[in-house]
Engineer: 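Have a look at this one before I ask anything.
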Number of protein chains: 2
Amino acid sequence: MSAEQNIIFCRDHHDHQSCMATAIAKAEQVCESRNQRFTKLRKRIFELVWQQHKPIRAYDILDQLQQDGRAAPPTVYRALDFLMDLGLIHRIESMNAFVGCNNPQQKHEGQFFICNDCGAFVELDSTSINSAISISAEHSGFEIQQRTIEITGICPECKGKKKSQ
Amino acid sequence: MSAEQNIIFCRDHHDHQSCMATAIAKAEQVCESRNQRFTKLRKRIFELVWQQHKPIRAYDILDQLQQDGRAAPPTVYRALDFLMDLGLIHRIESMNAFVGCNNPQQKHEGQFFICNDCGAFVELDSTSINSAISISAEHSGFEIQQRTIEITGICPECKGKKKSQ
DNA sequence: AACGATAGTGTTATGATATAACATATTTAA
DNA sequence: TTAAATATGTTATATCATAACACTATCGTT
Ligand SMILES: [Zn+2]
Ligand SMILES: [Zn+2]
Ligand SMILES: [Zn+2]
Ligand SMILES: [Zn+2]
């Protein structure tokens, strides 16, 4: 992912089955390489996060889980914490929600562009955004630990729809 | 505020009385110019937000208010919403907390650098950060509505303290 | 296989953050 | 002065998240 790459909003148009299969394969790899267990439950919750290509909230995950049987909040939050620690998902702070990560092999925090209309999002890790921030920080000797960058607005598709109305 | 200006972490060293007085004066101006009322309650809550030069949470504000008499959450949240709408304070999404704005006359969203050690923060509105993000967005036709940029880490002072230990 | 150690999950209760809904009070403006 | 608009008080409840402890599954050793 670089600053120059176009943003592509992942929507209904693509083969989401294979999209998810890839994500799961990557997740399995990451877990294995770090000696962590991608248990049935963790996989299930990971799938629920990926399912919609939109940020999903913890209690929406819980609702889905409860269709399979009883479940309680800690079950969801523990799995989410695990997945976040491994970088398999990210938390969107401004929405109290979670999204799947496309590039979990590389440690990163990501920048999120999220459509206020349809909920679709993309994750970037733009060098130019990162370095603009780093430069600001260096000016004063601030040592960066965490970057939360969440941009909301209207995605190209939704903008198109609005115009044609 | 520009990208080139150094970050200055506002701490105990300065004359905070006059610092707050300035903030209140600006707030009064802003309210007047937009025909909004800077009521006693709103002023009180604005002061509580400014008091510490750190992000403050709604329920901490509530605790302080309750020292003057009875108060309930909606009282706090309504005032916070009012102050945010006018740009007099900002919300730090990643902390569920609020900070006073130094430059409420100009509409902006700001970028926040917050110290994980001491809680001190600075707000920038860096042109280079903003334009790096705008360029990424333009690449795909994404129309930006809201920017949430929250950088946490260690401020220069705290870094100094750590070294000298 | 038997064992204890570690990691993962279930369950209950509760803490922390935020808003809905409606009653009352205050301010504004005709 | 009075009606409308705005602001605040009050109660209840929605939403988001974690603590604490019991139980189960897995792993590594013997
Ligand atoms: Zn997909
Ligand atoms: Zn990512
Ligand atoms: Zn000050
Ligand atoms: Zn500001």
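Quick note on labels: first sequence line is chain A, next is B, and so on, each numbered from 1.
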Engineer: Output the residues of residues 28-44 of chain B in contact with DNA chain C, where contact means a heavy atom of the residue under 4.0 Å from an atom of the strand; sort by number or write none.
Structural biologist: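 Hits under 4.0 Å, by residue number: B:Arg37.
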
Engineer: Just jot down the side chain to side chain donor-acceptor pair (under 3.5 Å) partners of A:Asn35, sequence neighbours excluded, or say none.
Structural biologist: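 For A:Asn35 there are no side chain to side chain donor-acceptor pair (under 3.5 Å) partners, ignoring immediate neighbours.
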
Engineer: Have a look at the helix from C:dA1-D:dT30 to C:dA30-D:dT1 and give the angle its two end axes make, five pairs each, rounded to 10 degrees.
Structural biologist: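 One end axis against the other gives 30°.
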
Engineer: Write out all pairs satisfying salt bridge (Lys or Arg N to Asp or Glu O under 4.0 Å) with one or both partners inside residues 98-121 of chain A, taking only residues at least two apart or from two chains.
Structural biologist: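 Found A:Asp117-A:Lys162.
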
Engineer: Give me the first and last nucleotide of DNA chain D, going 5' to 3', that has any atom under 4.0 Å from a heavy atom of chain A.
Structural biologist: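 Terminal contacting nucleotides, 5' to 3': D:dC16 to D:dT26.
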
Engineer: Report yes if the side chains of B:Phe142 and A:Val122 come closer than 4.5 Å at any heavy-atom pair, otherwise no.
Structural biologist: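 Heavy-atom side-chain distance check fails, nothing below 4.5 Å.
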
Engineer: What is the distance, to the nearest angstrom, from the CG atom on A:Leu80 to the C1' atom on C:dG8?
Structural biologist: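 Interatomic distance, CG of A:Leu80 to C1' of C:dG8: 15 Å.
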
Engineer: With sequence neighbours excluded, what pairs up with A:Arg70 under the side chain to side chain contact (heavy atoms under 4.5 Å, CB included) test?
Structural biologist: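 If we apply the side chain to side chain contact (heavy atoms under 4.5 Å, CB included) test to A:Arg70, skipping adjacent residues, there are no hits.
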
Engineer: With heavy-atom distances below 4.5 Å as the criterion, would you say the side chains of B:Leu80 and B:Ile61 are in contact?
Structural biologist: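 Counting from C-beta outward, B:Leu80 and B:Ile61 do come under 4.5 Å.
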
Engineer: Not counting sequence neighbours, which residues clear side chain to side chain contact (heavy atoms under 4.5 Å, CB included) with B:Thr39? List them please.
Structural biologist: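 Partners of B:Thr39 under the side chain to side chain contact (heavy atoms under 4.5 Å, CB included) test: B:Arg37, B:Leu41, B:Arg42.
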
Engineer: Separation of B:Phe82 atom CZ from C:dT27 atom P, in whole Å?
Structural biologist: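 So the CZ-P distance, B:Phe82 to C:dT27, works out to 15 Å.
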
Engineer: Kindly give the atom pairs (protein nitrogen or oxygen, nucleotide nitrogen or oxygen) under 3.5 Å for nucleotides 15-19 of chain C.
Structural biologist:
{"unit_1": "C:dT17", "atom_1": "OP1", "unit_2": "B:Arg57", "atom_2": "NH1", "d": "3.3"}
{"unit_1": "C:dA18", "atom_1": "OP1", "unit_2": "B:Arg91", "atom_2": "NH1", "d": "2.7"}
{"unit_1": "C:dA18", "atom_1": "OP1", "unit_2": "B:Arg91", "atom_2": "NH2", "d": "2.7"}
{"unit_1": "C:dA18", "atom_1": "OP2", "unit_2": "B:Tyr77", "atom_2": "OH", "d": "3.0"}
{"unit_1": "C:dA18", "atom_1": "N7", "unit_2": "B:Tyr59", "atom_2": "OH", "d": "2.8"}
{"unit_1": "C:dA18", "atom_1": "N6", "unit_2": "B:Tyr59", "atom_2": "OH", "d": "3.4"}

Engineer: B:Glu28: which residues meet the side chain to side chain contact (heavy atoms under 4.5 Å, CB included) condition with it, sequence neighbours left out?
Structural biologist: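 For B:Glu28 the side chain to side chain contact (heavy atoms under 4.5 Å, CB included) partners, ignoring immediate neighbours, are B:Ile24, B:Phe38, B:Lys43.
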
Engineer: Decide if atom CD of A:Gln66 counts as having more than 12 heavy atoms of other residues, nucleotides or ligands within a radius under 6.0 Å.
Structural biologist: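 Yes - once you tally the heavy atoms of other residues, nucleotides and ligands closer than 6.0 Å, there are more than 12.
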
Engineer: Under the rule for side chain to side chain contact (heavy atoms under 4.5 Å, CB included), what residues qualify as partners of B:Lys54, not counting sequence neighbours?
Structural biologist: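 B:Lys54: side chain to side chain contact (heavy atoms under 4.5 Å, CB included) contacts with B:Gln52.
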
Engineer: For residues 134-149 of chain A, which residue pairs qualify under salt bridge (Lys or Arg N to Asp or Glu O under 4.0 Å), counting only residues two or more places apart or in two chains?
Structural biologist: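 Salt bridge (Lys or Arg N to Asp or Glu O under 4.0 Å) check on residues 134-149 of chain A returns no pairs.
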
Engineer: Counting N and O atoms only, with roles assigned by atom type, does the side chain of A:His53 sit under 3.5 Å from a partner on the main chain of A:His16, one being a donor and the other an acceptor?
Structural biologist: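 It does not hold such a pair.
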
Engineer: Just checking, any donor-acceptor pair under 3.5 angstrom between side chains of B:Asp125 and B:Asn103?
Structural biologist: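 Judged by distance alone, the side chains do not pair up.
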
Engineer: Per the side chain to side chain donor-acceptor pair (under 3.5 Å) rule, what does the pair list look like for residues 73-96 of chain B, sequence neighbours excluded?
Structural biologist: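 Counting only pairs at least two positions apart or across chains, the side chain to side chain donor-acceptor pair (under 3.5 Å) contacts touching residues 73-96 of chain B are B:His90-B:His108, B:His90-B:Glu123, B:Arg91-B:Glu93, B:Arg91-B:Asn96, B:Ser94-B:Glu150.
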
